[in-house]
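Note: hydrogens, waters and symmetry copies are ignored here, and every other heavy atom, side chains too, is used. Quick caveat, the model's predicted, so the values are computed rather than measured.
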Amino acid sequence: MFQGMEYVYEVYKERSFSKAAQNLYISQPSLSATIKKIEARIGAPLFDRSTTPIQLTECGQEYVKSMERIMDIEAEFENYLNDLNELKTGRIAVGGSNLYTSFVLPPLLTRFTNRYPSVDIRLVEADSALLEQRLFAGTLDLVIDNSLMNPDIYQGHRYQTEYLFLAVPANFESNGRARDYQLTREDILSGRFLDASFPCVPLEYFAQEPFLFLRTGNDTRERADRICKNYNFRPKIVLKLDQQITAFNLSCFGMGCSFVSDTLVRTLSRDVDMCYYKLPPAEAHRDIYFYHKRSRYVTRAMEEFLKITMQA
């Protein structure tokens, strides 16, 4: 109905076919023919050609009113797109486990917010299974996780490598037997443990100690199971938990040994009386990724947030 409305509007503004044709860089006969086609499609004349200058008919007046509303909507949407492109508006939903939402995402989100204060951010904390469900459903734009998601469905952007250690309360007698294998927090922070000459601890030193494991389905739990199996070691599991940070806090109070990542150790704001031990790299090393669904349009906000993660 409003196809070619720019021709009608130019004639309306100029009150002249000849002036409108000049502004549109087309011939007057061509413009007149275009207007007649529009009038034929509508079924009523838009201009009263018997007057000088030409005037709108009653139908033409209603047409122009409707056309101006359309133009206003187009202008409003164009302004929105400009704001969206410059990230003066928009939204982004990011999800992660308790560990990542507590320690990894805050500085990244703060950096993003400082740069783009008008973008609305939603942060969701959940386990890996639920995060993947929400990512697939489209309620989350990005998810940070250390498990491997199906590469046919999800695009992964590597954030950093993470390492698992055995954390043992300092007052456990087993630390005396394993003294030559001990790592301090400073050894972890400096990366000293990465030296190939630094040995992995034999788990049999801790055969009599209680262990705190995560529940089945967690990547840390699966890796801990494989490490124990490779050592032919059967840990005395006294408690199963949902979150790595909970297991570690209980270890700090002497309840048992736990498997923790350097992500957690690096973010400690206080010294804890713990001993750390290196584990076999094949199972202890893993990558952290930011994932998004491949079939989902990558918004400017997502694009800029991913850039910030790569600069971290």
Side-chain angles (χ1 to χ4, degrees), residues 96-100 103-104 127-129 131-132 143-151 154 156 158-169 172 174-175 177-178 180-185 187-248 250-251 256-267 274-291:
S97 66
N98 174 269
L99 176 62
Y100 294 141
F103 298 109
V104 176
D127 60 35
S128 295
L131 288 170
E132 183 173 352
V143 162
I144 180 173
D145 204 79
N146 54 34
S147 60
L148 293 177
M149 294 189 181
N150 188 334
Y154 305 102
R158 183 182 171 279
Y159 175 60
Q160 63 185 25
T161 299
E162 185 176 55
Y163 306 89
L164 288 180
F165 300 89
L166 181 66
V168 181
F172 279 19
S174 53
N175 290 308
R177 297 188 294 272
D180 292 340
Y181 298 91
Q182 282 180 20
L183 289 167
T184 65
R185 180 170 179 264
D187 291 330
I188 294 174
L189 295 180
S190 66
R192 175 174 173 261
F193 70 93
L194 291 170
D195 192 318
S197 64
F198 201 94
C200 297
V201 68
L203 290 186
E204 56 262 29
Y205 283 125
F206 310 99
Q208 302 306 313
E209 306 291 11
F211 274 75
L212 308 172
F213 266 43
L214 300 187
R215 299 188 194 282
T216 302
N218 183 286
D219 185 74
T220 298
R221 168 61 189 271
E222 293 174 357
R223 289 174 183 272
D225 284 341
R226 292 197 294 267
I227 290 170
C228 291
K229 182 178 180 180
N230 292 340
Y231 274 105
N232 293 316
F233 176 73
R234 291 187 177 182
K236 295 169 58 177
I237 301 175
V238 296
L239 195 60
K240 296 178 182 179
L241 303 151
D242 292 315
Q243 300 290 342
Q244 183 187 143
I245 190 170
T246 307
F248 181 70
L250 289 172
S251 289
C257 307
S258 60
F259 291 86
V260 301
S261 66
D262 64 328
T263 300
L264 178 54
V265 175
R266 290 175 185 278
T267 55
M274 298 289 289
C275 297
Y276 303 97
Y277 297 92
K278 183 177 178 178
L279 298 168
E283 297 297 345
H285 293 194
R286 63 188 178 192
D287 287 328
I288 303 172
Y289 289 92
F290 278 93
Y291 290 101

(request) Tell me, please, which residues at least two apart from Tyr100 pass ring pair (Phe, Tyr, Trp, His ring centres under 6.0 Å). (result) none
(message) Rounded to the nearest 0.5 Å, what separates atom CD in Glu132 from atom OH in Tyr154?
(response) 4.0 Å
(request) Answer whether the closest heavy-atom distance between the side chains of Ser251 and Met274 falls below 4.5 Å. (result) yes
(message) Tell me which one of Arg286, Gln244, Arg266 satisfies side-chain hydrogen bond (donor to acceptor under 3.5 Å, both in side chains) with Ser261.
(response) Gln244
(message) Once side-chain hydrogen bond (donor to acceptor under 3.5 Å, both in side chains) is applied, do any residues pair with Arg221, and if so which ones, sequence neighbours excluded?
(response) Asp225
(request) Please confirm whether the backbone N or O of Pro169 pairs with a side-chain atom of Asn175, one donor and one acceptor, at under 3.5 Å? (result) yes
(message) I want to know whether Tyr205 and Tyr277 have ring centres closer than 6.0 Å.
(response) no
(message) If we ignore hydrogens and angles and just use 3.5 Å, is the side chain of Asp145 paired with the main-chain N or O of Ser128 as donor and acceptor?
(response) no
(message) Which residue is it: Phe259, Tyr181, Tyr276? I am looking for the one with a side chain to side chain contact (heavy atoms under 4.5 Å, CB included) to Leu166.
(response) Phe259
(message) So Arg223 and Leu279, do their side chains get closer than 4.5 Å, heavy atoms only?
(response) no
(request) Kindly indicate, with the supporting measurements, whether the criterion side chain to side chain contact (heavy atoms under 4.5 Å, CB included) is fulfilled by Leu148 and Tyr289. (result) CA-CA 8 Å; Leu148 293 177; Tyr289 289 92; 4.0 Å; yes
(message) Is the shortest side-chain heavy-atom distance between Gln160 and Thr263 below 4.5 Å?
(response) yes
(message) Please report whether the ring centroid of Tyr231 lies less than 6.0 Å from that of Phe206.
(response) no
(message) Using ring centroids (six-membered ring only for Trp), state whether Phe290 and Tyr159 fall under 6.0 Å.
(response) yes
(request) On the 0 to 90° scale, with breaks at 30° and 60°, tag the Phe211-Phe213 ring pair as parallel, tilted or perpendicular. (result) perpendicular
